[in-house]
Amino acid sequence: MEKLGKDKFYLIETFGCQMNIHDSEKIAGMLRDLGYKSTEKKELADIIIFNTCCIRETAELKIMAKIGETKALKKANNDLLIVVCGCMTQQKGMSELLKKRFPFINLVIGTHNLEELENYIKEYNKKLKFKSIIWEQEGKVVEFDKVYRTSGNNAWVNIMYGCNNFCTYCIVPYVRGRERSRKVIDIVNEVKNLAKNKEYKTITLLGQNVNSYGLDFKDGKTNFVYLLNELCKIEGDFKIKFMTSHPKDFSSKLIRFIATHDKMSKALHLPVQSGSSRILKAMNRHYDIEHYKNLVSEIYRTIPSATLTTDIIVGFPGETDEDFEETCKLLEFVKYSSIFGFVYSKREGTPASKFENQISAKVKQKRITKLFEIQHKISKEQLLNMVGKVFDALLEEDENHKIIARTDSGKTLCPVNLKDVKPNTFCKVKVLEINGNELTCEII
Ligand code: SAH
Ligand code: SF4
Ligand code: F3S
């Protein structure tokens, strides 16, 4: 693609979780408002933004390498604006480190200051060298009204920011600040607008621990179930998902609410992190494995169509073969539809980074391989179990314009009867058969 006349282009490289994906949509909204268009080609870009993540060392190393690659581009085009934002920038000493390693960066901007990006770009002065805008404050709630959504028929909606939990392995509370909730009215208005646009079929509520939504208002009324109830009253053909919820405060009231409201998705993400109570204690998770298993049983009992996914860390300091075996047994107990498994990564500034008995890379690798092997088998069983059963699904057009049916839990099925079907509508499907990993279904 040739660059035309005065066109200005942006390229955003996003790393990390849904929170960051959605922040990038806010940044894209600001840039579009300023007249920029999106490009995938670095050579065409007038502004390159790295929206960073520091949850694991591997993420950080990858990002550092990517930033390094832009040195040559900056040399060829001194007007190119390079911005680094997101969680990585909030770490102690990071701004100084970035300045030393990559002096060609124009701006390092923290997670609490994202809204200031717009003014910076408007007032950008070529003579300005490296600038850093990072507040060490706890963070605030800022409303963004120019979001440019890029996640198809799913719309992300922040309901709260930050985290108060301080799991001993995790960097998030240090880089995203304390928990703070958006007002119910602001969330309701955003969802109402999304529901009017019939394109959005899933609204995914975002927060590090959505179960503590609204508790910071201390008004005795606002909490997560209260918010969900307000959102379920909104007219429209859409499902509500949320992530992430913490098992320590996933209440029976919430389970009953999900069971009894059609708008609530029954695909639940319930991060366990480890199957060993001893390790959960060292992780500061505030629940033991009995509590978690009881919760899972209650969910399956109350919501028969529930499917569960989880996050697991292997190789946490002090994790013995027995502890790891407990995690493997938990997979067999819960029968997750899929898992997100991670090798423990030491994060500077977190308590666990100073724990004794750090586990060797070799052992961690062995454990994660075994974990995925077990889950692979379970996922296969789960697929086989679907044959002959009826599921709620959303009809979608894939990248080859073929119609597929996506179940609540994200499994894609190939419908065999396609007469008069419209993409982006909900339907019921009966699973017919499985060929390898492909499932066929009948729209009923
Ligand atoms: N707030 C969410 C998760 C945020 S981070 C929750 O509490 O579940 C996403 C996942 O990254 C975590 O669930 C955890 O499994 C993983 N993770 C966090 N810190 C990690 C670390 N230091 N090493 C490896 N994995 C980590
Ligand atoms: Fe990290 Fe724990 Fe907070 Fe999740 S709940 S973001 S794992 S500290
Ligand atoms: Fe997400 Fe990574 Fe930050 S997982 S909250 S982008 S550290």
Side-chain angles (χ1 to χ4, degrees), residues 12-24 26-27 50-63 84-91 94 110-112 114 139 156 158-180 205-213 242-250 268-275 279-280 282-287 292 308-317 319 327 336 339-355 358-359 361 364-365 367-368 371:
I12 307 177
E13 294 241 30
T14 308
F15 304 85
C17 64
Q18 290 77 7
M19 209 67 84
N20 259 19
I21 294 174
H22 187 40
D23 280 349
S24 288
K26 296 172 188 170
I27 298 170
F50 293 94
N51 191 6
T52 63
C53 169
C54 53
I55 198 86
R56 284 168 287 273
E57 194 185 11
T58 41
E60 245 179 35
L61 293 175
K62 199 162 118 195
I63 295 165
V84 181
C85 63
C87 295
M88 201 172 103
T89 64
Q90 290 283 151
Q91 292 178 99
M94 184 50 78
T111 55
H112 303 324
L114 199 55
W156 309 109
N158 287 115
I159 63 166
M160 61 193 297
Y161 302 95
C163 181
N164 289 355
N165 287 311
F166 291 94
C167 302
T168 52
Y169 50 82
C170 184
I171 192 95
V172 172
Y174 306 91
V175 295
R176 287 274 180 177
R178 294 294 68 70
E179 279 176 5
R180 54 221 184 261
L205 309 177
L206 295 177
Q208 294 299 347
N209 174 15
V210 292
N211 308 98
S212 45
Y213 170 77
F242 55 85
M243 61 196 322
T244 299
S245 45
H246 197 302
K248 79 177 158 62
D249 32 33
F250 201 104
L268 303 171
H269 186 59
L270 198 58
V272 67
Q273 311 300 356
S274 167
I279 295 296
L280 288 171
M283 286 177 161
N284 194 32
R285 290 290 286 180
H286 295 285
Y287 55 85
Y292 187 88
L308 291 174
T309 51
T310 201
D311 290 352
I312 289 174
I313 298 177
V314 301
F316 183 81
E319 185 187 66
T327 303
Y336 296 105
I339 62 167
F340 299 88
F342 307 104
V343 158
Y344 168 75
S345 170
K346 212 166 150 178
R347 301 284 65 207
E348 188 95 29
T350 62
S353 69
K354 296 192 198 72
F355 287 1
Q358 299 281 333
I359 307 294
K364 287 197 262 196
Q365 208 45 53
R367 289 185 184 161
I368 195 87
L371 191 82

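Indexing begins at 1, ligand by ligand and atom by atom, following the structure's order.
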Salt-bridged, Asp311 to Arg56, with N to O below 4.0 Å?
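Salt bridge between Asp311 and Arg56, a charged N being under 4.0 Å from a carboxylate O: no.
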What are the atoms of ligand 1, with element, lying closer than 4.0 Å to any heavy atom of [X]?
{"X": "Val343", "answer": "23 (N), 24 (C)"}
{"X": "Arg347", "answer": "22 (N)"}
{"X": "Thr244", "answer": "2 (C), 6 (C), 8 (O)"}
{"X": "Pro271", "answer": "8 (O)"}
{"X": "Tyr344", "answer": "23 (N), 24 (C)"}

Considering only heavy atoms from C-beta outward, does the side chain of [X] approach that of [Y] to under 4.5 Å?
{"X": "Asn165", "Y": "Glu179", "answer": "yes"}
{"X": "Cys163", "Y": "Arg176", "answer": "no"}
{"X": "Ile27", "Y": "Cys85", "answer": "yes"}
{"X": "Glu13", "Y": "Asn51", "answer": "no"}
{"X": "Arg285", "Y": "Pro271", "answer": "yes"}
{"X": "Pro173", "Y": "Arg178", "answer": "yes"}

Thr327 and side chain to side chain contact (heavy atoms under 4.5 Å, CB included): which single residue from Leu371, Ile313, Ile279 fits?
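So the option named by the test is Leu371.
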For [atom], grab the closest protein heavy atom and report residue, atom and distance to one decimal in Å.
{"atom": "atom 22 (N) of ligand 1", "answer": "Ser345 O, 2.8 Å"}
{"atom": "atom 19 (N) of ligand 1", "answer": "Tyr169 CD1, 3.3 Å"}
{"atom": "atom 5 (S) of ligand 1", "answer": "Ile55 CD1, 3.5 Å"}
{"atom": "atom 26 (C) of ligand 1", "answer": "Arg56 NH1, 3.4 Å"}
{"atom": "atom 4 (C) of ligand 1", "answer": "Gln208 OE1, 3.5 Å"}
{"atom": "atom 13 (O) of ligand 1", "answer": "Asp311 OD2, 2.6 Å"}

Does the gap between the ring centers of Tyr287 and His246 come in under 6.0 Å?
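Yes.
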Heavy-atom distances under 4.0 Å decide this one: backbone, side chain, both or neither, for Arg285 against ligand 1?
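Only the side chain of Arg285 comes within reach of ligand 1.
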Please state whether the rings of Phe316 and Tyr344 are parallel, tilted or perpendicular, taking 30° and 60° as the class boundaries.
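Phe316 vs Tyr344 ring planes: perpendicular.
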Hey, can you tell me if Tyr336 and Tyr292 have their rings parallel, tilted or perpendicular (30° and 60° cut-offs)?
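If you compare the ring of Tyr336 with that of Tyr292, the planes turn out tilted.
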Mark the output for [X] as yes if a heavy-atom distance to ligand 1 is under 4.0 Å, and as no if none is.
{"X": "Gln273", "result": "yes"}
{"X": "Ile313", "result": "yes"}
{"X": "Asn209", "result": "no"}

For Met88 against Met94, the heavy-atom pair lying closest together
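Of all heavy-atom pairs spanning Met88 and Met94, the closest is O-CG, 3.2 Å.
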I need the minimum non-hydrogen distance between Phe355 and Ala282, along with the two atoms involved.
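In terms of heavy atoms, the two residues are closest at CE2-O, 3.7 Å.
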Nearest-0.5 Å distance that lies between atom CD1 in Ile312 and atom CD1 in Ile368:
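Ile312 atom CD1 to Ile368 atom CD1 measures 8.0 Å (nearest 0.5 Å).
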Residues forming a side chain to side chain contact (heavy atoms under 4.5 Å, CB included) with Ser353, sequence neighbours excluded:
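Ser353 satisfies side chain to side chain contact (heavy atoms under 4.5 Å, CB included) with Lys346, Thr350 once adjacent residues are dropped.
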Going by the rule side chain to side chain contact (heavy atoms under 4.5 Å, CB included), which residues pair with Ile359 if we only count those two or more places apart in sequence or in a different chain?
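By the side chain to side chain contact (heavy atoms under 4.5 Å, CB included) rule, Ile359 matches Val363, Lys364, Arg367.
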Contact residues of ligand 2 with a heavy-atom cut-off of under 4.0 Å?
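Residue list for ligand 2: Cys163, Asn165, Phe166, Cys167, Tyr169, Cys170, Val172, Pro173, Gln208, His246, Arg285.
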Residue pair His286 / Asn284, side-chain donor-acceptor N/O under 3.5 Å
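Yes - a donor-acceptor pair under 3.5 Å links their side chains.
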Protein residues near ligand 3, heavy-atom distance below 4.0 Å?
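Around ligand 3, where the cutoff is 4.0 Å for heavy atoms, the contacting residues are Cys17, Asn20, Cys53, Cys54, Ile55, Cys87, Arg176, Gln208.
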